[in-house]
Visitor: 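This is the structure, below, for whatever I ask next.
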Amino acid sequence: LAAPLGDHLVVGSADDVWIADPAGTTFTLAPGLSNATDAMVLDGELLVTSQVGGLLRSRDPTTAWTPSNGALEPFPTSAGTFIDARAIVRVGERMFMGLRGAGVATSDDQGATWSLTTNALSDEQVVRLVVIDDVLYALAYGKGVWRSSDDGKTWVELNAGLDRLA
């Protein structure tokens with residue numbers, strides 16, 4: 001993941017997140033954050049998805065992170081019970097979060113509250129979300145690529161030619 005936050009660059013891997021100083025020459029480990037999967041900046045605030053914490057947000061990622069998962073329930077995995085968030089995007093005023101085992105959640109209040117969608121991806125592991133011209137694309141583990149042009153209400157499978165989905 002990589003995202004700008006003010007005059008800082010924030011970068012991360014599946015384990016940690018680092019914040020660069022304004023000159024971009026020195027990186028500092030962001031405390032209290034692990035297993036980061038995706039990030040975006042919204043109104044001067046960094047939003048990071050995590051495999052163990054769901055959605056976390058901070059205006060100053062060098063000091064504090066606040067969970068922003070609303071009423072989303074943790075999902076049992078072999079490693080424990082977590083809100084396993086893998087991706088975050090925004091289309092217009094609506095935000096979308098890809099979740100392991102729960103599909104896609106939506107938020108209409110900048111991520112303060114979330115609702116799970118009920119559709120073809122409801123129980124899937126949505127590991128990546130991409131927006132192109134206000135069309136939402138989802139990559140679901142083992143299920144391939146899906147497209148929604150109606151704010152995630154319905155999804156169309158786009159797997160012609162993808163013969164190795166497992």
Side-chain angles (χ1 to χ4, degrees), residues 1-3 10 12-17 30 32-43 45-58 61 64-160 162-166:
L1 66 92
V10 179
S13 67
D15 293 318
D16 296 305
V17 172
L33 185 66
S34 63
N35 299 96
T37 55
D38 201 4
M40 69 179 287
V41 175
L42 179 64
D43 296 333
E45 188 172 42
L46 181 64
L47 282 65
V48 174
T49 55
S50 167
Q51 293 176 7
V52 296
L55 181 66
L56 302 164
R57 56 193 327 144
S58 178
W65 292 93
T66 303
S68 188
N69 297 307
L72 293 178
E73 295 290 327
F75 183 80
T77 70
S78 59
T81 302
F82 308 107
I83 296 176
D84 186 346
R86 300 297 178 110
I88 184 108
V89 296
R90 183 176 177 183
V91 179
E93 293 302 311
R94 178 167 280 181
M95 293 176 61
F96 296 86
M97 184 165 45
L99 301 165
R100 178 180 178 199
V104 177
T106 61
S107 175
D108 292 318
D109 57 9
Q110 297 190 343
T113 60
W114 293 92
S115 299
L116 289 174
T117 58
T118 304
N119 53 45
L121 295 177
S122 293
D123 297 322
E124 302 301 332
Q125 295 183 43
V126 176
V127 296
R128 186 63 55 214
L129 294 168
V130 176
V131 178
I132 301 172
D133 296 328
D134 289 336
V135 176
L136 183 61
Y137 294 86
L139 176 60
Y141 181 78
K143 299 291 184 177
V145 180
W146 295 72
R147 177 185 66 218
S148 175
S149 55
D150 60 4
D151 279 340
K153 293 179 188 90
T154 60
W155 294 88
V156 176
E157 189 175 7
L158 302 175
N159 292 325
L162 297 176
D163 57 352
R164 294 186 215 160
L165 294 177

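Just so it is clear, the structure is predicted and the values come from calculations on it, not from any experiment. In this chain, residues are counted from 1 in sequence order.
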Visitor: Which pair of non-hydrogen atoms, one from N159 and one from K143, has the smallest distance, and what is that distance?
Guide: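 Here N159 and K143 meet closest at ND2-O, 2.8 Å.
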Visitor: Which salt bridge (Lys or Arg N to Asp or Glu O under 4.0 Å) pairs, counting each pair once, include a residue from residues 131-142, with sequence neighbours left out?
Guide: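 Not a single pair qualifies under salt bridge (Lys or Arg N to Asp or Glu O under 4.0 Å).
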Visitor: For E45, which residues count as a side-chain hydrogen bond (donor to acceptor under 3.5 Å, both in side chains) partner, sequence neighbours excluded?
Guide: R57
Visitor: Under 3.5 Å, side chain of T81 to main-chain N/O of F75, donor-acceptor pair present?
Guide: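 Between the backbone of F75 and the side chain of T81 there is no qualifying donor-acceptor contact (under 3.5 Å).
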Visitor: List the residues meeting side-chain contact (heavy atoms from CB on, under 4.5 Å) with D150, not counting sequence neighbours, and say none if there are none.
Guide: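 So D150 forms a side-chain contact (heavy atoms from CB on, under 4.5 Å) with S148, K153, T154.
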Visitor: With sequence neighbours excluded, what pairs up with L116 under the side-chain contact (heavy atoms from CB on, under 4.5 Å) test?
Guide: L72, L99, A102, A105
Visitor: Using every non-hydrogen atom in the two residues, find where Y137 and V145 come nearest and quote the distance to one decimal.
Guide: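 Y137 and V145 have their closest heavy atoms at CD2-CG1, 4.5 Å.
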Visitor: Who passes side-chain contact (heavy atoms from CB on, under 4.5 Å) against N119, sequence neighbours left out?
Guide: T117, L121, S122, W155
Visitor: Could you list the residues that satisfy salt bridge (charged side-chain N to carboxylate O under 4.0 Å, His left out) with E93, not counting sequence neighbours?
Guide: R90
Visitor: Output all residues satisfying side-chain contact (heavy atoms from CB on, under 4.5 Å) with T49, sequence neighbours left out; order by chain, then residue number.
Guide: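 T37, D38, L55, A85, I88, M97.
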Visitor: Is there a side-chain contact between N35 and F82 in this structure, where contact means two heavy atoms from C-beta onward sitting under 4.5 Å apart?
Guide: no
Visitor: Donor-acceptor check, side chain of D123 to backbone of G103, threshold 3.5 angstrom: yes or no?
Guide: no
Visitor: By the salt bridge (Lys or Arg N to Asp or Glu O under 4.0 Å) test, which pairs, at least two apart or in different chains, include something from residues 104-114?
Guide: R94-D108
Visitor: Would you check if Q110 and L47 make a side-chain contact, meaning some heavy-atom pair closer than 4.5 Å?
Guide: no
Visitor: Under the side-chain hydrogen bond (donor to acceptor under 3.5 Å, both in side chains) test, which residues partner T106, sequence neighbours left out?
Guide: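 Partners of T106 under the side-chain hydrogen bond (donor to acceptor under 3.5 Å, both in side chains) test: none.
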Visitor: Would you find a donor on one side and an acceptor on the other, under 3.5 Å apart, between the side chain of S68 and the backbone of L56?
Guide: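 Judged by distance alone, no pair lies under 3.5 Å.
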Visitor: Which pairs with one or both residues in residues 67-76 pass salt bridge (Lys or Arg N to Asp or Glu O under 4.0 Å), sequence neighbours excluded?
Guide: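 Of all non-adjacent pairs touching residues 67-76, none passes salt bridge (Lys or Arg N to Asp or Glu O under 4.0 Å).
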Visitor: State which residues pass side-chain hydrogen bond (donor to acceptor under 3.5 Å, both in side chains) with R86; sequence neighbours excluded, sorted by chain then number.
Guide: D84
Visitor: For the atom pair CH2 (W146) and CG (L129), what is the distance rounded to the nearest 0.5 Å?
Guide: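 With rounding to 0.5 Å, CH2 (W146) is 14.0 Å from CG (L129).
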